[in-house]
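What follows is a single structure, written as structure tokens, with notes after it.
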Amino acid sequence: STKAFAVPRRRAAALILSTYIFSGIGLHETAFAQPSVGLREYIDSFDGYSFQYPQNWIQVRGAGADIFFRDPYVLDENISVEISSPSSSKYKSVEDLGPPEEAGKKVLKQYLTEFMSTRLGVRRESNILSTSSRVAGDGRMYYQVEVNIKSYANNNELAVMPEARVARLEWDRRYLSVLGVENNQLYELRLQTPENVFMEEEYDLRQVMDSFRVNKISA
């Protein structure tokens with residue numbers, strides 16, 4: 001048997017924040033990717049992880065994640081890190097989640113749970129694009145999961161006649177997760193970006209994913 005996917009639900013606050021406050025940009029509008037600006041390293045020696053991020057991104061405090069950066073121009077493009085509670089599960093390896101395919105299903109299920117909406121006429125389409133594992137230069141195994149989620153909403157959810165309720169695309173996003181285990185905890189790096197921006201920034205974003213490392217915390 002495999003352990004439950006135990007990254008805290010506090011991440012929902014970060015998702016809600018990025019979706020409903022930072023994001024006024026749907027696919028029906030245009031999100032312009034900025035030219036590559038280089039990467040900067042973020043190191044959290046207290047919690048035991050590090051990664052690189054675009055150096056012009058800004059940190060947002062109080063977003064609910066352990067750390068949260070966002071693009072100042074593409075407002076629904078961001079990166080965050082979540083860490084499981086030590087009291088929830090004791091992880092020895094990322095393989096405790098099962099094979100990458102099983103981890104991918106858990107990641108997608110978690111995203112969809114966090115995106116549940118009480119609005120009438122909202123529909124979500126989701127798809128796991130890829131799952132993989134790799135051993136990084138630090139000798140640890142990491143899982144990578146990529147999913148696409150599209151959100152549709154009716155233009156007039158209170159209309160009596162079905163033909164008056166036309167579904168429109170609100171947003172179309174790529175979610176990239178990197179999972180690693182250290183200190184008996186599960187760490188997840190999360191990247192969120194509009195699909196049209198991902199196509200322009202794929203090289204930089206994959207560099208960010210590959211840079212994620214978890215580290216032993218000194219006693």
Side-chain angles (χ1 to χ4, degrees), residues 7 11-37 53-54 56-58 60 63-65 68-82 100-101 103-132 143-157 159 162 164-179 188-210:
V7 176
R11 66 166 53 154
L15 280 168
I16 293 171
L17 192 62
S18 63
T19 300
Y20 298 112
I21 297 180
F22 296 145
S23 176
I25 302 174
L27 193 68
H28 57 284
E29 302 175 43
T30 304
F32 295 99
Q34 297 298 304
S36 178
V37 294
Y53 67 97
N56 68 328
W57 287 20
I58 59 175
V60 178
F68 189 101
F69 292 95
R70 69 174 177 89
D71 189 317
Y73 302 102
V74 183
L75 300 183
D76 52 355
E77 185 174 38
N78 55 63
I79 186 172
S80 62
V81 172
E82 295 286 350
E101 296 78 11
K105 293 176 183 177
K106 293 170 184 174
V107 167
L108 178 56
K109 182 179 179 181
Q110 186 69 31
Y111 276 123
L112 293 177
T113 298
E114 292 161 6
F115 279 133
M116 286 180 65
S117 175
T118 57
R119 290 185 298 151
L120 296 175
V122 172
R123 175 173 58 86
R124 302 273 156 72
E125 290 184 358
S126 62
N127 185 33
I128 297 175
L129 302 176
S130 69
T131 60
S132 62
Y143 283 176
Q144 295 189 168
V145 177
E146 297 185 33
V147 304
N148 170 264
I149 302 177
K150 297 180 177 67
S151 179
Y152 296 86
N154 291 336
N155 63 336
N156 185 3
E157 64 271 15
R165 298 192 296 270
V166 179
R168 63 179 179 84
L169 181 65
E170 291 186 301
W171 44 261
D172 179 8
R173 297 187 188 137
R174 177 81 58 109
Y175 294 90
L176 307 103
S177 290
V178 184
L179 305 162
E188 182 181 8
L189 177 81
R190 283 184 159 199
L191 273 167
Q192 170 185 293
T193 184
E195 275 289 348
N196 58 340
V197 174
F198 175 79
M199 303 304 291
E200 300 178 43
E201 297 184 350
E202 181 176 1
Y203 177 78
D204 288 343
L205 295 178
R206 293 203 183 281
Q207 279 191 300
V208 171
M209 293 178 70
D210 291 342

Exercise. What are the two closest non-hydrogen atoms of S126 and L112, and how far apart are they?
Worked result: OG-CD1, 3.6 Å
For this session: Go through the steps for E188 and K106 under the test salt bridge (charged side-chain N to carboxylate O under 4.0 Å, His left out), then give the verdict.
Result: CA-CA 12 Å; E188 182 181 8; K106 293 170 184 174; over 6 Å; no
For this session: Find the distance between CG (N154) and CD (E170) and round it off to the nearest 0.5 Å.
Result: 9.5 Å
Exercise. Which pair of heavy atoms, one from P194 and one from D76, lies closest together, and at what distance?
Worked result: CG-OD1, 3.4 Å
Exercise. When rounded to the nearest 0.5 angstrom, what is the spacing between OH in Y53 and CD in Q207?
Worked result: 15.0 Å
Exercise. How far apart are the closest heavy atoms of W171 and I149, and which atoms are they?
Worked result: CZ3-O, 3.4 Å
Seminar exercise, completed: Distance col, row Y152:OH vs R168:CZ, nearest 0.5 angstrom, shows 12.5 Å
For this session: Indicate yes or no: at least one non-hydrogen side-chain atom of L179 is less than 4.5 angstrom from one of V107.
Result: yes
Exercise. Do Q144 and L176 have side chains that get closer than 4.5 Å, going by heavy atoms?
Worked result: no
Problem set entry | Side-chain heavy atoms of L205 within contact of E77, under 4.5 Å | yes
Problem set entry | Atom pair CD (E82) and CD (Q110), whose distance is rounded to the nearest 0.5 Å | 9.0 Å
Seminar exercise, completed: Here the gap from F68 atom CZ to I79 atom CD1, rounded to the nearest 0.5 Å, amounts to 10.0 Å
Exercise. Would a 4.5 Å heavy-atom cut-off, applied to side chains only, mark S177 and Y111 as touching?
Worked result: yes
Seminar exercise, completed: In this structure, CD1 of I128 is separated from OH of Y175 (nearest 0.5 Å) by 14.5 Å
For this session: Provide the closest heavy-atom pair for S80 versus A65 in the form atom of the first, atom of the second, distance.
Result: CB-CB, 3.8 Å
Problem set entry | Residues L129, R174; criterion side-chain contact (heavy atoms from CB on, under 4.5 Å); working and verdict | CA-CA 9 Å; L129 302 176; R174 177 81 58 109; 3.2 Å; yes
Problem set entry | Test item: Y143 and E101 side chains (from C-beta on) under 4.5 Å apart, heavy atoms | no
Problem set entry | Minimum side-chain heavy-atom gap L191-F198 below 4.5 Å | no
Exercise. Got a donor-acceptor contact below 3.5 angstrom from the R124 side chain to the F115 backbone?
Worked result: yes
For this session: Compare every heavy atom of K150 with every heavy atom of D172, then report the nearest pair and how far apart it is.
Result: OD1-CG, 3.4 Å
Problem set entry | Contact summary for R123 and A167, nearest pair of heavy atoms | NH2-CB, 4.4 Å
Exercise. Quick one: does D204's side chain get under 4.5 Å of P54's, heavy atoms only?
Worked result: no
